[in-house]
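For this chain, numbers begin at 1 and follow the sequence in order. Here the structure is a predicted model, which is why all the values come from computation and not from measurement.
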Amino acid sequence: MTKMKTLTFVLLIAVCWTVGAQNPPPHPYASPETAVAFDGYDLTSYFAGKTEKGTQAFETKYDGLTLRFVSEANQKAFLSNPDKYLPAYGGWCAIALTQGSWVEPNFAHFKIQEGKLLFFEVRAFFNGKTAWEKDPDINMIMADRKYQEMLAAE
């Protein structure tokens, strides 16, 4: 292994150990209902390849979450098919789940894969999306499996 790969692997394991022992809420954004979910990002904008923050003018409650959108059209698109736009894995960092850890992502770091919205953490010397991209198909399989196992263990 190269030094960079070794360092990335060690950092990922360290992050997983520090966060993985916690019993998480069902979503990393689960907080008082007055809080805006996903740092205010419009969930539909991700599917256009953008990270756009919504406004209070186009705010809605869905399943106990306060969501914001950039336009009425985006709000209506979400409300007509929420399952299409809600993130995979309850919004947790997808790469951390491959290691069996609950890690809150940075909602500006995302990817759409197989029609699913994935979020990733970013820390000092670690970018979850970069790690994911090394083998996205295997990572998706691992994250799917671990997420189900972790939910069943709660």
Side-chain angles (χ1 to χ4, degrees), residues 4-5 7-31 35-54 58 60 62-71 73-75 77-154:
M4 185 55 95
K5 285 182 182 179
L7 177 61
T8 301
F9 179 75
V10 169
L11 287 171
L12 177 61
I13 296 302
V15 166
C16 292
W17 277 335
T18 59
V19 180
Q22 304 168 3
N23 282 331
H27 310 286
Y29 46 80
S31 56
V36 177
F38 307 107
D39 288 339
Y41 285 103
D42 178 338
L43 292 176
T44 64
S45 71
Y46 292 112
F47 288 84
K50 303 174 186 176
T51 53
E52 296 181 301
K53 291 222 178 186
F58 302 110
T60 192
Y62 178 81
D63 198 25
L65 302 173
T66 300
L67 302 172
R68 289 188 175 168
F69 301 92
V70 298
S71 68
N74 285 14
Q75 184 180 36
F78 174 83
L79 291 172
S80 71
N81 190 2
D83 290 337
K84 174 181 177 178
Y85 298 105
L86 288 169
Y89 316 124
W92 293 99
C93 173
I95 194 67
L97 285 169
T98 66
Q99 300 298 311
S101 294
W102 304 108
V103 175
E104 187 171 339
N106 178 322
F107 296 116
H109 292 269
F110 74 99
K111 174 184 174 122
I112 306 294
Q113 182 174 327
E114 298 176 19
K116 296 179 181 179
L117 172 57
L118 309 173
F119 290 123
F120 302 95
E121 69 169 317
V122 177
R123 295 191 183 218
F125 296 102
F126 180 75
N127 181 319
K129 185 176 178 186
T130 301
W132 182 273
E133 293 295 351
K134 291 178 181 173
D135 201 341
D137 295 331
I138 295 298
N139 285 329
M140 180 75 91
I141 291 166
M142 291 296 300
D144 286 347
R145 181 180 307 141
K146 288 288 189 177
Y147 182 65
Q148 292 306 314
E149 289 172 6
M150 292 164 68
L151 287 178
E154 297 224 348

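Shown here are the side chain to side chain contact (heavy atoms under 4.5 Å, CB included) partners of Phe47, two or more places apart in sequence or in another chain: Tyr85, Ile112, Leu117. With sequence neighbours left out, Tyr41 forms a ring pair (Phe, Tyr, Trp, His ring centres under 6.0 Å) with no residue at all. Evaluation of the salt bridge (Lys or Arg N to Asp or Glu O under 4.0 Å) rule for Glu149 yields no partner, not counting sequence neighbours. Evaluation of the salt bridge (Lys or Arg N to Asp or Glu O under 4.0 Å) rule for Lys53 yields no partner, not counting sequence neighbours. Residues passing the side chain to side chain donor-acceptor pair (under 3.5 Å) test with Glu52, sequence neighbours excluded: none. Legend: residues meeting salt bridge (Lys or Arg N to Asp or Glu O under 4.0 Å) with Lys111, ordered by chain and number and at least two apart, are Glu133. Residues that satisfy the ring pair (Phe, Tyr, Trp, His ring centres under 6.0 Å) test with Phe58, not counting sequence neighbours, are absent from this structure. For Ser71, the side chain to side chain contact (heavy atoms under 4.5 Å, CB included) criterion is met by Ala73, Asn74, not counting sequence neighbours.
Between Ile95 and Gly128, the shortest heavy-atom contact is CG2-CA, 3.6 Å. For the pair Glu121 and Ala96, the tightest heavy-atom approach, listed with the atom from each and the gap, is OE2-CB, 4.3 Å. Here the closest heavy-atom approach between residue Met150 and residue Trp102 is recorded as CE-CE2, 3.3 Å. For the pair Gly90 and Tyr147, the tightest heavy-atom approach, listed with the atom from each and the gap, is N-OH, 3.4 Å. When all heavy atoms of Lys50 and Phe110 are compared, the closest pair comes out as O-CZ, 3.9 Å. Counting all heavy atoms, side chain and backbone alike, Ala88 lies closest to Leu118 at CB-CD2, 3.7 Å.
Of the candidates Leu43, Thr44, Asp42, Leu43 is the only one forming a side chain to side chain contact (heavy atoms under 4.5 Å, CB included) with Tyr46.
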CA sep, side-chain torsions, deciding dist, call: Asp137, Gln113, side-chain contact (heavy atoms from CB on, under 4.5 Å): CA-CA 9 Å; Asp137 295 331; Gln113 182 174 327; 4.0 Å; yes
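For the atom pair CZ of Phe78 and CG of Asp83, the computed distance is 8.5 Å after rounding to the nearest 0.5 Å. Atom CG of Asn106 sits about 11.5 Å away from atom CZ of Phe120, to the nearest 0.5 Å. Atoms CG and CZ, on Asp39 and Arg68 in that order, are 11.0 Å from each other to the nearest 0.5 Å.
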Could you give the side-chain donor-acceptor pairs of residues 138-146 under 3.5 Å, partners two or more places apart or in another chain?
unit_1	atom_1	unit_2	atom_2	d
Asn139	ND2	Trp132	O	2.9
Asn139	ND2	Asp135	O	3.1
Asp144	OD1	Tyr89	OH	2.5

